[in-house]
Amino acid sequence: MKNLFIAEKPSVAQEFAKALKESMRRGDGYLESDSFVVTWCVGHLVTMSYPEAYDEKYKRWSLNTLPFLPNEFLYEVIPNVKKQFAIVSGLLKRDDVGTIYVCTDSGREGEYIYRLVEQMAGIKGKPRKRVWIDSQTEEEILRGIREAKDLSEYDNLSSAAYLRAKEDYLMGINFSRLLTLKYGNAISNYLGTKYSVVSVGRVMTCVLGMVVRREREIRQFVKTPFYRVLQKLDIQGKTLEGEFRAVEGSGYYLSPKLYKENGFKEKKDAQELIQRLQERCGDPLEAIIDSIEKKKEKKNPPLLYNLAELQNECSRMFKISPDETLRIVQELYEKKLVTYPRTDARVLSTAVSKEIYKNISGLRNFAPAKEFAEEVLESGSYKGIARTRYVNDKQITDHYAIIPTGQGMNALGSLKGNAFGVYAAIVRRFLSIFYPAAEFQKISMVTAMEAATGRTAEDSIRKEKFFLSFKVLLEEGYFKVAGNPYDKKPKGSMEEAKEKEAEGLNGSGDGTPEGQEEAQFGKELLELLKGLKKGMKLPVKALNIKEGETSPPKRYNSGSMILAMENAGQLIEDEELRAQIKSCGIGTSATRAEILKKLVSNKYIALNKKTQILSPTLMGEMIHDVVFYSIRSLLNPELTASWEKGLNYVAEGSITSDEYMQKLEHFVRSRTDGVLNLNNQYAMRPLFDAAAVFYKAENKTSATARKAASKSRKKQSEKTE
């Protein structure tokens, strides 16, 4: 008897065939040796049938046939892959095929792809084993085959996969038909188009809502000017800047004149403060050190990449979409360069950590990383990695973080476009965890100046305080591999890419003037500050006013949207906080990029390819308003995330498929009934008008189209008469 191996793609099947180490002869759609047969799907071979397959009456969209909730779901072979399905089905049924090894992608969707094929082929009674691997290296493939478990151990995952498909199918068909029939005419009449389809999806509509809400927050935002008072100190020829804050004891503490404690609403009030300080202190101006604190701070290497984190970074560094990042990292995976990409984990497993020296050793053959890999191996820092936060079995579900395998270096020459940069970023992030933390010396100083309040009582003199702080890099630690943000590197070099990756360290920190919080002042400045003590007087070169204004919320870019989806609608930019708040997100790592791509192709949102900024279109805003006043819960990120969490519960065995299906059917039925009882189509026009004013170019086109449609209808009417 022969063992049959079924992969998801031809390229993956080829790697399995190589790993099996037998002379393979090529058949039509498969490879075969004396002991093994290796075949492949081409993605999905089987799909869910359209409603008309149940009954011809469902072909015509009608409110009378909603909700559509079949008792048994029908499936069919996808027409353009019928040939490959017949080949795979025939191999499954061959009398000389004994054990079936399922080698589709190790995840929920890969499980679904095979189970549908088995279901349609009608296979029963043959032993089936599941191969679960984290990379396509020969070593990992052989381990996966050796440790393959009985397929039945993945039945819960299979159930979750079927339910995910049913959920998307039922929500998509019922709600898209329902809202199109109810509101499609209102939309097409407004836009002057022949017809309009309202495309609705469990995840897609929620993401659209996030983009539209953010756009409206930006529109409604009113900029508020404010005025900060800055103090320029002279410390042995070097100038440092402090910022006034109205803390307790200040003559302006809790004053209505302040926008915040460090900014005045009116410029004249900032000028008044300076005048009072000058009147009281005289010439030359001096400040007294009220407090000075010096402490060392450490910045640890970040956690490893999962797909969402990598997509966010690539959007920022290379200005490429999440869909393009996934395509690239999938290519790197298939070339054996990196581990499985569709992962939510940002840590390694204990088992992998014990063998991690193999990955590091292989990177000595990657020229830009050679020095760092050798340094890590020589120092032995990798030996204690299992005791760090970078290894945690509890934080891993299907796969560990994306890391380089240390293999496949021959494929580097074939990488095109941004693929080399993406691989280099993964390598840098991986190697950085074996380096110590970067170490800073942080200086925080408060100075005081007296000011006359204009009152005659004892409180006529108040101390006004100025705050300054900055950091000086003492030890570069992991910056050595991840990139030191303070070094100037040649354009296009690996070092420049490192610099971009670490550029977040160049921010303005806690808001101190001119970005001092993270600025590199130099170790010579530390020497100057060593002699400073509380009570000492410092010369003040000038007191200045700096005007600022409040900023509106930022639009999502494609990367930050992926992060927001991962965190159930919350854009948590702080990496440490994201690691702590781990929850089921909107969609999965495997589907988020495709959802954004679909919203763009539907023209519900626009993607600026240069900046990766996302913004809604007029059509997108109109769809949002239709959903908001019909099935509002579809726009709720928390509810959408709860569906994903429910699927995870099914995969874990915490709840049954029947329990989940009952809730799903109730949701579809109740929301459908609710919309059927609405009569608010005409109430949409004022909402459309409110959105349309922000789309003048689109509006002109729509107006022209409306006139043309009206003219056409008039002519048709005249002919009839």
Side-chain angles (χ1 to χ4, degrees), residues 107-109 160 164 168 201-211 213-214 302-317 320-330 339-347 389 392 394-403 422 425-426 429 504 553-599 605 607 612-614 635-649 651:
R108 189 169 72 191
E109 205 59 23
R164 192 279 310 158
D168 287 347
R202 170 180 62 100
V203 179
M204 184 179 75
T205 303
C206 179
V207 174
L208 173 64
M210 291 164 64
V211 175
R213 278 196 301 276
R214 178 58 56 88
L303 291 170
L304 296 160
Y305 285 130
N306 62 9
L307 182 58
E309 196 73 22
L310 182 62
Q311 287 169 320
N312 178 52
E313 286 285 275
C314 290
S315 172
R316 184 175 64 83
M317 289 193 293
I320 58 176
S321 68
D323 183 58
E324 176 66 4
T325 299
L326 178 54
R327 186 197 66 74
I328 289 172
V329 74
Q330 180 69 25
T339 56
Y340 190 73
R342 291 172 174 84
T343 176
D344 292 318
R346 298 191 61 195
V347 294
R389 68 182 188 134
N392 190 332
K394 292 179 181 177
Q395 291 179 13
I396 298 170
T397 49
D398 296 338
H399 298 276
Y400 52 82
I402 303 170
I403 61 171
V422 174
I426 294 169
R429 179 62 67 97
K554 290 180 181 178
R555 288 184 177 90
Y556 291 104
N557 60 42
S558 60
S560 64
M561 174 55 79
I562 292 288
L563 285 186
M565 290 169 75
E566 187 185 45
N567 292 286
Q570 301 176 72
L571 178 52
I572 303 171
E573 295 189 349
D574 180 79
E575 185 172 349
E576 299 294 327
L577 190 56
R578 282 203 304 276
Q580 294 168 24
I581 306 173
K582 189 66 182 171
S583 61
C584 276
I586 300 166
T588 66
S589 57
T591 60
R592 289 172 191 137
E594 192 61 35
I595 288 158
L596 284 183
K597 187 179 177 182
K598 187 173 181 182
L599 280 165
I605 64 174
L607 171 66
Q612 291 296 305
I613 297 293
L614 299 170
L635 298 167
N636 185 335
E638 289 79 13
L639 180 67
T640 305
S642 75
W643 287 109
E644 196 64 51
K645 189 169 280 188
L647 291 173
N648 283 352
Y649 287 151

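Counting from 1, the numbers follow the sequence of the chain as shown. The structure displayed is predicted, hence computed values, not measured ones. Every heavy atom of this structure was used, including side-chain atoms; hydrogens, water molecules and symmetry mates were not.
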Whether [X] side chain and [Y] backbone form a donor-acceptor pair below 3.5 Å:
{"X": "Thr343", "Y": "Tyr400", "value": "yes"}
{"X": "Arg429", "Y": "Leu303", "value": "yes"}
{"X": "Arg555", "Y": "Ile613", "value": "no"}
{"X": "Arg346", "Y": "Tyr305", "value": "no"}
{"X": "Ser589", "Y": "Ala308", "value": "no"}

Using every non-hydrogen atom in the two residues, find where [X] and [Y] come nearest and quote the distance to one decimal.
{"X": "Met210", "Y": "Tyr556", "value": "O-CE1, 3.5 Å"}
{"X": "Ala345", "Y": "Asn306", "value": "O-CB, 3.1 Å"}
{"X": "Glu324", "Y": "Ile320", "value": "CG-CB, 4.0 Å"}
{"X": "Asn636", "Y": "Glu638", "value": "OD1-OE1, 2.7 Å"}
{"X": "Thr640", "Y": "Val203", "value": "CG2-CA, 4.2 Å"}
{"X": "Thr339", "Y": "Ile402", "value": "OG1-CA, 3.4 Å"}

### Asp323: side chain to side chain contact (heavy atoms under 4.5 Å, CB included) partners, not counting sequence neighbours
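Result, side chain to side chain contact (heavy atoms under 4.5 Å, CB included) vs Asp323: Ser321, Ala593, Glu594, Lys597.
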
#### Entry: Residues which pass side chain to side chain contact (heavy atoms under 4.5 Å, CB included) with Ser315, listed by chain and number, not counting sequence neighbours
Asn557, Ser558, Gln612

### Task
Given side chain to side chain contact (heavy atoms under 4.5 Å, CB included), test Arg389 with Val347 step by step and report yes or no.
CA-CA 8 Å; Arg389 68 182 188 134; Val347 294; over 6 Å; no

Rounded to the nearest 0.5 Å, what separation is found between the [atom1] atom of [X] and the [atom2] atom of [Y]?
{"X": "Met561", "Y": "Gln311", "atom1": "CE", "atom2": "CD", "value": "13.0 Å"}
{"X": "Leu563", "Y": "Arg592", "atom1": "CG", "atom2": "CZ", "value": "9.5 Å"}
{"X": "Asn567", "Y": "Ile562", "atom1": "CG", "atom2": "CD1", "value": "11.5 Å"}
{"X": "Thr591", "Y": "Met565", "atom1": "OG1", "atom2": "CE", "value": "6.5 Å"}
{"X": "Leu208", "Y": "Leu635", "atom1": "CG", "atom2": "CG", "value": "7.5 Å"}
{"X": "Arg108", "Y": "Asp398", "atom1": "CZ", "atom2": "CG", "value": "9.5 Å"}

### Task
Before giving the answer on side chain to side chain contact (heavy atoms under 4.5 Å, CB included), spell out for Thr588 and Leu647 the whole-Å C-alpha distance, their side-chain angles and the decisive distance to 0.1 Å.
CA-CA 11 Å; Thr588 66; Leu647 291 173; over 6 Å; no

### Residue pair Pro302 / Glu313, side-chain heavy-atom distance below 4.5 Å
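A side-chain contact is absent here, since even the closest heavy-atom pair is not under 4.5 Å.
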
### Task
State, yes or no, whether a side-chain contact exists between Leu614 and Leu596 at a heavy-atom distance under 4.5 Å.
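A side-chain contact under 4.5 Å exists here.
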
### Task
Step by step, work out the side chain to side chain contact (heavy atoms under 4.5 Å, CB included) result for Leu326 and Arg342.
CA-CA 8 Å; Leu326 178 54; Arg342 291 172 174 84; 4.1 Å; yes

